[in-house]
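The structure appears below as structure tokens.
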Amino acid sequence: MILNRLRVQHFRCFRNPVELSGMGLGVHVIHAPNESGKSSLVLALARALFDRHNTKDRTIHQLRPWKTDLSPRITMEFEAGGRRYKLEKAFLDEASSLLEEWTGARFERVADSLNADERVRAFLNSGGSLSGATKLGQWGIARLLWLNQVPERQDLPALDPSLKGRLLEAMGIAALSPEEQTLIKAVDAAYCQYYTPKTGKPTVGSELTRVEERIQSLTENVTHLLQRKEDLSRNADSLADNRLRLTALQAEKDGYTKQLTDLQERIQEEERKEQELLLIRKDAERQRQRAQSLDEQQRALLELQDKATKQETVAAQRQPLLLKAREVFHVVEGAWKEARQKLKAQRDAFEKVEQRLERGRLLEKALGLQEKQHHLEGLIKQGERLEAALKNSMRKLPAGGLSDAAVKRAEELERKLLLARSRLEAQGTEVCFTAETARTLEWEEQGATHEYKLAKAEQQRFMGVTSGELRIKGVGTLSVRTGADEVCKLQAEVDKLRKELARRLHEQGVRDLPGLKTAWEEQRAQIEEQKQRQGALQAFLEAASVESLDALREQLRELAGELGTVAEQLSLSLEQLSAQKSPETESLSEELKRARREVKLQEKAHEEAEARVREAEQHQRTIALEQERALQAVGTLKQTLQSQLEALGWTFEQLGAEVAKAAAEVRRHENMVKGLESGLPRPEARATTQRGKLQQALEQVQEAEKTMHARIIRAETLIEQAAAEDLYAHLCEAEEALELEQKRKHQAQLKAEAARVLRTLTIAWQEQVSRSFLGPIENAVHARLEHVRGVDAPGRLQLDANFADAQLQTGAGPKALDTFSWGTQEQIQFALRLAIGELLANRGSHPEPQLIVLDDALVNTDALRLQRALELIEAAGNTLQILILTAFPERYRTLMGAKTHDLLALAQSP
């Protein structure tokens, strides 16, 4: 298929119509910046060729221009099968499809609606999609020839039976006959009865799986029956044992019951002794708590008495320390007052020096300002002289002035006048007559007759005429034709130019052209002088860093105001200021620095003295506070001790006697508890403990008795049930059925194995047929890859029968394509498209040119390999139509004979 014209409207970014025309065989470079619609153009071509016009898929709705309800419309003219067609297709609203064929004079309708869609898809061996938009794998031959910007870009195009048949036909290889295809289908059907084609596992519901399921079911049944048979034997054996165990358990239960009756009296006696022991223990615990409380109270009172004694000792120790701290405070306070007086005196001296320095700096600033004022006044006078000279030179120039254009125009007029005069002289013809004797002449000039009387030897000239007659009486008539047909026009042009030149010279106040040039030269000299003066003024202003003299004057006014302010601060007039000498600010600065250092030293000494005063005062207050707190603590502790003794109603001696009495009572009760505990047996030997053990053993015997009863009943029930069901007969029947099904399984396995072997043979046969057309394709791809990558580049492409898998055969063995770089992968994809396109265009029973689409196909290829790829593209352009879509048109400028289409310019054109 060859594309001749493509028009896209209302399609994604193409809201307005965009048309590619004048296309055909050869290379076409369609370039535009990124996101300008190059890939959308290819997508529009694919949607027109492969999608049904009435598709309402969401993918088709996304083709509308953003935020519009416009319906995509595509028109294309193309050649297929040696004929020329036009396809007009509209999607969504007012969807339609119309296919027309060129009859030599015009396009005539061939098919419309779904019929048109089907015929167009048939041109490219595309089955299309039954519902929704077509996927990339449904694009037929275009899937083999187009390299689009899609996620599947790096995947090889897979072959379906239709495409494989087209390649076989191009290679000149006969496809399988109908009988062979029928046989292959029958073998596949027989294989599918037993195994799944993809995994090779047994098919669900096949004879093989059904037999296997029946065998498994019968095996489980036989196993179940055998298990029941074994259970029945074990139940019969255990029935007698369980009856013997039941008799022994009943005797053991009677023994435990008799022992429990004998323990009842011992239990009552032990409970009475335990109750008495519990009461004595409670009395002992009350006595122990009372003794502990009295002991804690005695300890607390003794602790208060010790604390009061310690606080009295602390208060006595702080008195001499307090006296010493007061003496130190008075000494430090005197030193601090002396340091404060010295600091005040030093600060006064520093302020005086600082005032002298500040006045000196003001005076120095005023003298500097006065000097700047004199400098600015001098600059202003110099600038005024330059400005006056410039104005004087400007007054010398005339009001209107001569321009270069006026002089050149006058020179041009004079040149034209001289040229016209020379042409007039060349066009006119002179007639000269000399009389030998006195004659009377009649001369006809421009239709008018003039009479001339000539004496002997007199001469008459006639010139600048177009025609005339000279009649001489007594001689005859002489006719003259000069050929000066343009004399009148030339004369009029000469007069016009002369008047124009005279007018222009009069306007400039001169008589002739030399006078005009002299005036112009004088004017140029005056202009040059003006430029020099203006340049001098500008240089002066630049040196002064101002834009005009007014700025200098403004600076002078500001400087005068600042100088007046400083003089006012100094309390001096301007005359007095001029008489002042420059102050010695450096010496004053040094003196100020010395004074500042002295002030800092005094401030440091003052701060240190003040810190010592605060420290001594704080030390004195701390000692006094500690003494006061100790005395307060003594009074508080003694008062607390006395109040607690009064609350008890005892003295220290009475409290000690009560503590000893309570301790003796505690010891008496503890002895009573020990006497009662010795009369009771150990816990593990008591009757209650033995009773618990006997009851637990009795419960275990009763539970075992119940279990034995249940086992006996269950065994008897199973034996009766097996006898009723005729278990042994069922077991024999199940074993016979299992053996029969195993024989059927063996037969089914033989059939399945035969079907598998036949399918293996047919697959090997089909692969052999497929390899017969892969060889030429691999050779064609390798030749182009070798040209692009170079002879030394490793790897030869190996394809499988459906292009589903591909590898590069290298010295280290075959490697998958995704293990190589992006550049190598895209070069392989490019070479494959080019090889298949040229094979379809040149071989087979119906070869025809093909359309190759390369959408940014070589973006990861270096410059050298790109140039080699362009050589292949240029050679293939003789038999193929190659559409290159790129954002870098400069990469393809070396292509000979390539047509360039600026997509951005086409989109912006009306």
Step by step, work out the side-chain hydrogen bond (donor to acceptor under 3.5 Å, both in side chains) result for Thr59 and Asp57. CA-CA 5 Å; Thr59 304; Asp57 191 77; 2.9 Å; yes
Please report the C-alpha distance between Ile882 and Arg833 in whole Å, then the side-chain angles of each, then the deciding distance to 0.1 Å, and finally whether the side-chain contact (heavy atoms from CB on, under 4.5 Å) criterion is met. CA-CA 11 Å; Ile882 302 177; Arg833 264 72 177 186; over 6 Å; no
Using the salt bridge (Lys or Arg N to Asp or Glu O under 4.0 Å) rule, take Arg210 and Glu213 through it: C-alpha gap first, then chi angles, then the decisive distance, then the call. CA-CA 5 Å; Arg210 290 198 303 272; Glu213 290 173 358; over 6 Å; no
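Remark: Lys56 NZ is packed, more than 12 non-hydrogen atoms of other residues, nucleotides or ligands lying under 6.0 Å away. For Gln62, the CD atom sits in a packed shell: over 12 heavy atoms of surrounding residues, nucleotides or ligands are nearer than 6.0 Å.
The shortest distance between side-chain heavy atoms of Val859 and Thr886 does not fall below 4.5 Å.
Ring pair Trp139/Phe50 is parallel by interplanar angle, where below 30° counts as parallel and above 60° as perpendicular.
Residue Arg143 holds its CZ atom at 10.5 Å from CD1 of Ile836, rounded to the nearest 0.5 Å.
By the 4.0 Å N-to-carboxylate-O rule, Glu118 lies close enough to Arg121 to be salt-bridged with it. Glu212 and Lys745 are joined by a salt bridge, as a carboxylate oxygen and a charged side-chain nitrogen come within less than 4.0 angstrom of each other. Between Lys89 and Asp117 a salt bridge is recorded (basic side-chain N to carboxylate O distance below 4.0 Å).
The one candidate from Glu826, Arg868, Arg789 that meets the side chain to side chain donor-acceptor pair (under 3.5 Å) condition with Thr861 is Glu826. Leu885 pairs in a side-chain contact (heavy atoms from CB on, under 4.5 Å) with only one of the listed residues (Leu147, Val853, Asp856, Asn148), which is Val853.
Residues meeting the side chain to side chain contact (heavy atoms under 4.5 Å, CB included) test with Asn842, sequence neighbours left out: Glu838, Thr879.
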